[in-house]
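These numbers come from a predicted model, not from an experiment.
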Number of protein chains: 2
Amino acid sequence: MARNKRHLEQKVKKEEIELVAMALLKEKGYDNTSMAEIARSAGVAANTIYWYYENKDDVLLAVLNRVVSQAIADVMALQEQPLRTRVLMLIAQVESSGSLMTDVHSRVSHSPKVRAWHDRFHTMVEQLSVSELVKAGVNLAEALLDARVLIYVIEGLLAHPHELQEREQIVDHALKRITGQLKIPSQVKTPSQAKT
Amino acid sequence: MARNKRHLEQKVKKEEIELVAMALLKEKGYDNTSMAEIARSAGVAANTIYWYYENKDDVLLAVLNRVVSQAIADVMALQEQPLRTRVLMLIAQVESSGSLMTDVHSRVSHSPKVRAWHDRFHTMVEQLSVSELVKAGVNLAEALLDARVLIYVIEGLLAHPHELQEREQIVDHALKRITGQLKIPSQVKTPSQAKT
DNA sequence: ACCTGAACACCGTTCAAGT
DNA sequence: ACCTGAACACCGTTCAAGT
């Protein structure tokens, strides 16, 4: 029982470090968050983190896995929604993780592990996009190129700040260009035009 | 005469620091290039750089201005070439600057000066793209959105490694989606299909 | 197994001092 | 005006030592 409790609390300790790291990395980004700060927030000595993780990039990867799992879960929950809605949801979801995606890109050249994670993630998103586009009526031969275009647009939207409305416009426009025509009526009207 | 010579050599000193910094930053990126390394390569003490530049980000900006000036000059020289060629040229040009563009994105959150530079640069590229697209036959109302899509595709291509052929395919595809139809015959055939 | 204090090498930057 | 040696604060990481 005591052993059990202890075992639990140890897992909890790592969990706590990861949650604290996630909050800090989301809020302030990789470079502006020091290991010392993460440790302090988690209530441990600075070097204690190195018992759980090899280095700072490994902490980043642990956080990224959490963030991505959550994002996937959220987007999966919208299975029946139209593509437009799901793309916008994905962007909003990832955006709430602050500069994490930019951080990944900038760490790719420092850490092979981060590079591997990035490549896997990219492939996954690409496959998802292809199947989404095929479902939306794009023929398979072109879907691969269209998926790339769509992903780059999404990445661009994530890397640069946009008004919500502007973001929707760009997504709508890109999807229109890709699928040929908008399949579903959009709600891009300004709030002031809401009826009754 | 001696004063003249001296004055010249001073300008040359700054020039040398900048050229050395450009080479190093292009080759190894911002984070992997230390001020000490730049100084050593330029043959000065580490802190001497701070007489010419406020900080490391200012060195980056000086290098960026050189790189961009060169890129603009090169692309301008292709005034009469088709859009496709110029876009590919721009990508190749910027790509030769290594991870500099990624570095800009990652420094945006650290330095307001870098952010300002990034925003000005982005606006400039956007305006250029709009006028290019209008010239290519896209109607003005949609050109702004199309320009954004095109820029994000270009940024995506720059941020991720691609085979030359694959890159051309994606650019061709994006331009086809945007302009409705490819205006000029492309040479995307595989080398093995070259005739006679 | 888990955690720590102390130290290390490196970094961007500052400052007082030299010419 | 231009340049330097020495120092500073901070960083990620390591190591020997404690429980």
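Residues A:L88 and A:E168 come closest through the heavy atom pair CD1-CG, 3.8 Å. Scanning all heavy atoms of the two residues, the minimum distance from B:D103 to B:Y30 falls at OD2-N, 2.9 Å. Pairing each heavy atom of B:E18 with each of B:V63, the nearest pair is O-CG2, 4.1 Å.
Between A:K113 and A:D58 there is a salt bridge, since at least one side-chain N of the basic residue sits less than 4.0 Å from a carboxylate O of the acidic one. A salt bridge links B:D172 to B:R84: one of the charged nitrogens lies within less than 4.0 Å of a carboxylate oxygen. Under the 4.0 Å criterion applied to side-chain N and carboxylate O atoms, A:R86 and A:E80 are not assigned as salt-bridge partners. The pair A:R177-A:D146 does not meet the salt-bridge criterion, since no charged nitrogen lies less than 4.0 angstrom from a carboxylate oxygen.
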Under a 4.0 Å heavy-atom criterion, the protein footprint on nucleotides 13-19 of chain D, written with B, S and -, is BBB----
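Remark: C1' of D:dG12 and CZ of A:R107 are 10 Å apart, rounded to the nearest angstrom. Remark: P of C:dG12 and CG of B:D58 are 14 Å apart, rounded to the nearest angstrom. Taking atom CG of B:N32 as the reference point, atom P of C:dG12 lies 11 Å away to the nearest angstrom. A:Y53 places its OH atom 17 Å from the C1' atom of D:dG12, with the value rounded to the nearest Å. To the nearest angstrom, C1' of C:dC11 lies 11 Å from OH of B:Y30. Rounded to an integer number of Å, the gap from NZ of B:K13 to C1' of D:dA1 is 15 Å.
Partners of B:Q93 under the side-chain hydrogen bond (donor to acceptor under 3.5 Å, both in side chains) rule, at least two apart in sequence or in another chain, do not exist in this structure. Every residue two or more places apart in sequence or in another chain was checked for a side-chain hydrogen bond (donor to acceptor under 3.5 Å, both in side chains) with A:E54, and none qualifies.
Distances shorter than 4.0 Å separate some side-chain N or O of A:Y52 from OP1 or OP2 on C:dC3.
Taking the ring centroids of A:H118 and A:H105, they lie under the 6.0 Å cut-off.
Within residues 17-28 of chain B, no residue is approached by DNA chain C to less than 4.0 Å at the level of any non-hydrogen atom.
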Throw together a table of side-chain donor-acceptor distances under 3.5 angstrom for residues 122-129 of chain A, partners on residues two or more places apart or in other chains.
| unit_1 | atom_1 | unit_2 | atom_2 | d |
| --- | --- | --- | --- | --- |
| A:H122 | NE2 | A:E155 | OE2 | 3.3 |
| A:H122 | NE2 | B:H160 | NE2 | 3.2 |
| A:T123 | OG1 | A:D119 | O | 2.9 |
| A:E126 | OE2 | A:R148 | NH2 | 3.3 |
| A:S129 | OG | A:V125 | O | 2.8 |

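In this structure, B:S34 reaches the sugar-phosphate backbone alone: every heavy-atom distance under 4.0 Å involves primed, P, OP1 or OP2 atoms, never a base.
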Note, DNA chain D 5' to 3' with Watson-Crick or G-U pairs under 3.5 Å encoded as ( ), [ ], | and . gives ||.|||||...|||||.||
